[in-house]
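Okay, structure first, notes after.
When reading the values below, keep in mind they use all heavy atoms of this one structure, side chains included, and skip hydrogens, waters and symmetry mates.
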Amino acid sequence: MARPIRSRLHDEVVVAYTGRIVREELAPGDFLPPEPIMGDEFGISRAVVREALRVLAARGLVGVHHGIGTIVREARDWNVLDPGVTGAFHESPQFPALVDEMLEARRAVEVQAAALAARHAVPEHKRRIDEALAAIPTTIGDDPTLFNQRDIELHAAILEATENRFLHRALSPLFPLVRTVIRLSTLGSESDPVSYAARSHAEIVAAIIRGDADAAADAMSRHLSRTESDIRRAMGQLRDESNTGEPERAGRLIESINSPEESLLLKGGAHREA
């Protein structure tokens, strides 16, 4: 019986071809190279290549047709919630469209989630929400990753308080993209993004704790509207810098979105006082 492949050698192939497909270097309907050629390119065996192709197929990026070849699938078939696909989108022409779709999905879920949390939250839920709010740093400081994570934890606690398992399952896979959203909103903010986040989060939490569903939904809607505005401003800034002679700086900003350790704030010019 064949032994399972325990090596992670296929990761390099998966990352490379995920990027090539999502960046549209390979178009839907294109064939990937035959297994021996892919193996030669990366210096790996055909067994490792086949393992990589299984991962690409699981991401919805390719279809493996025995006797025909491996074919790139249409973009609508890609699993955009897969972290590998999401990461590759940062350097894709489709990134602005993906961000817009994510914002629409987040608004559709989170405004209603805030109202449901106000209706259904029990004392334990309220305690967790209050603690999550208190845990958000009041400044970005030297650890922007902590600020991003604490922000997400608050939204996750609100989602749990809905007592609706479908809503929780619907939004949870978006959290890696939400982390990107936080960084983009920081880049695009025309005033202090941390102070604004503190005020808007406090309004959402206060409405949930007192059980005011309408106020909670309104506060969440305002919070998301500001975030969306900042994100679109940031996307425009990145587009302008890419098109007007500053591609290197735009590239550094995109790198900071991809990096789990760095914030756009640390790249310079991301935070402007009003």
Side-chain angles (χ1 to χ4, degrees), residues 10-35 37-38 41 49-113 152 155-156 159 164-185 188 224-225 227-229 231-232 234-236 238-239 242-243 250 254-255 257-258:
H10 69 282
D11 285 349
E12 184 179 355
V13 184
V14 170
V15 170
Y17 274 92
T18 295
R20 292 172 191 177
I21 293 169
V22 173
R23 290 192 302 269
E24 302 179 1
E25 295 168 13
L26 292 167
D30 284 352
F31 283 85
L32 265 60
E35 290 177 6
I37 293 178
M38 292 179 69
E41 178 185 357
V49 171
R50 284 193 289 271
E51 179 66 16
L53 293 177
R54 280 193 284 271
V55 176
L56 293 171
R59 290 179 172 181
L61 297 171
V62 302
V64 180
H65 304 276
H66 297 291
I68 300 176
T70 302
I71 303 174
V72 177
R73 299 179 67 179
E74 297 286 343
R76 64 175 176 269
D77 298 322
W78 303 347
N79 179 9
V80 294
L81 296 180
D82 184 287
V85 178
T86 301
F89 261 114
H90 295 156
E91 298 177 359
S92 166
Q94 296 188 41
F95 183 53
L98 181 73
V99 170
D100 273 340
E101 291 175 28
M102 188 278 297
L103 294 176
E104 291 171 351
R106 190 183 183 198
R107 174 174 288 277
V109 174
E110 288 213 67
V111 173
Q112 181 65 13
I152 290 170
H155 286 268
L159 210 56
N164 186 304
R165 287 169 287 182
F166 290 98
L167 280 180
H168 192 267
R169 296 282 293 189
L171 192 61
S172 293
L174 287 177
F175 285 155
L177 267 178
V178 171
R179 185 175 290 109
T180 297
V181 159
I182 295 170
R183 292 177 179 183
L184 283 170
S185 65
L224 294 179
S225 291
T227 299
E228 291 162 7
S229 177
I231 290 165
R232 292 192 170 98
M235 295 299 294
L238 288 172
R239 182 181 62 250
S242 295
N243 295 335
I254 288 293
E255 277 182 19
I257 296 170
N258 281 324

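Atom OG1 of T18 and atom CZ of R23 lie 9.5 Å apart (nearest 0.5 Å). Atom CD of E110 sits about 10.0 Å away from atom CG of L167, to the nearest 0.5 Å. Atoms CZ and CD, from R54 and E51 in turn, are 4.5 Å apart once rounded to the nearest 0.5 Å. The line from CD1 of I21 to CG of L32 is 5.5 Å long, rounded to the nearest 0.5 Å. In this structure, CD1 on I152 lies 12.5 Å from CG on L159, to the nearest 0.5 angstrom. Between the CG atom in N164 and the CD atom in Q112 there is a gap of 9.0 Å [rounded to 0.5 Å].
Across every non-hydrogen atom of L171 and R106, the tightest pair is CD1-CA, 4.3 Å. Of all the heavy atoms in E24 and P93, the pair that sits closest is OE1-CG, 4.0 Å. Nearest heavy-atom pair, R73 versus G63, reported as atom, atom and distance to 0.1 Å: CG-N, 3.5 Å. Closest heavy-atom contact between G84 and R59: CA-NH2, 3.6 Å. Closest approach of A88 and G19 over heavy atoms only: CB-CA, 4.2 Å. The nearest pair of heavy atoms linking F89 to F95 is O-CB, 3.0 Å.
Residues meeting the side chain to side chain contact (heavy atoms under 4.5 Å, CB included) test with A57, sequence neighbours left out: V62, V64. Every residue two or more places apart in sequence or in another chain that forms a side-chain hydrogen bond (donor to acceptor under 3.5 Å, both in side chains) with R50 is listed here: E35.
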Might you work through the side chain to side chain contact (heavy atoms under 4.5 Å, CB included) test for L56 and L53, ending with a clear yes or no?
CA-CA 5 Å; L56 293 171; L53 293 177; 4.2 Å; yes

Between E228 and R107, is the side chain to side chain contact (heavy atoms under 4.5 Å, CB included) condition met? List the steps.
CA-CA 10 Å; E228 291 162 7; R107 174 174 288 277; 3.1 Å; yes

Take V55 and V13 through the side chain to side chain contact (heavy atoms under 4.5 Å, CB included) test and state the conclusion after the steps.
CA-CA 10 Å; V55 176; V13 184; over 6 Å; no

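A cation-pi arrangement is found for R20 relative to Y17, the charged atom lying closer than 6.0 Å to the ring centre and inside a 45° cone about the ring normal.
Judged purely by atom type and a 3.5 angstrom limit, S92 uses its side chain to pair as donor or acceptor with the backbone of V22.
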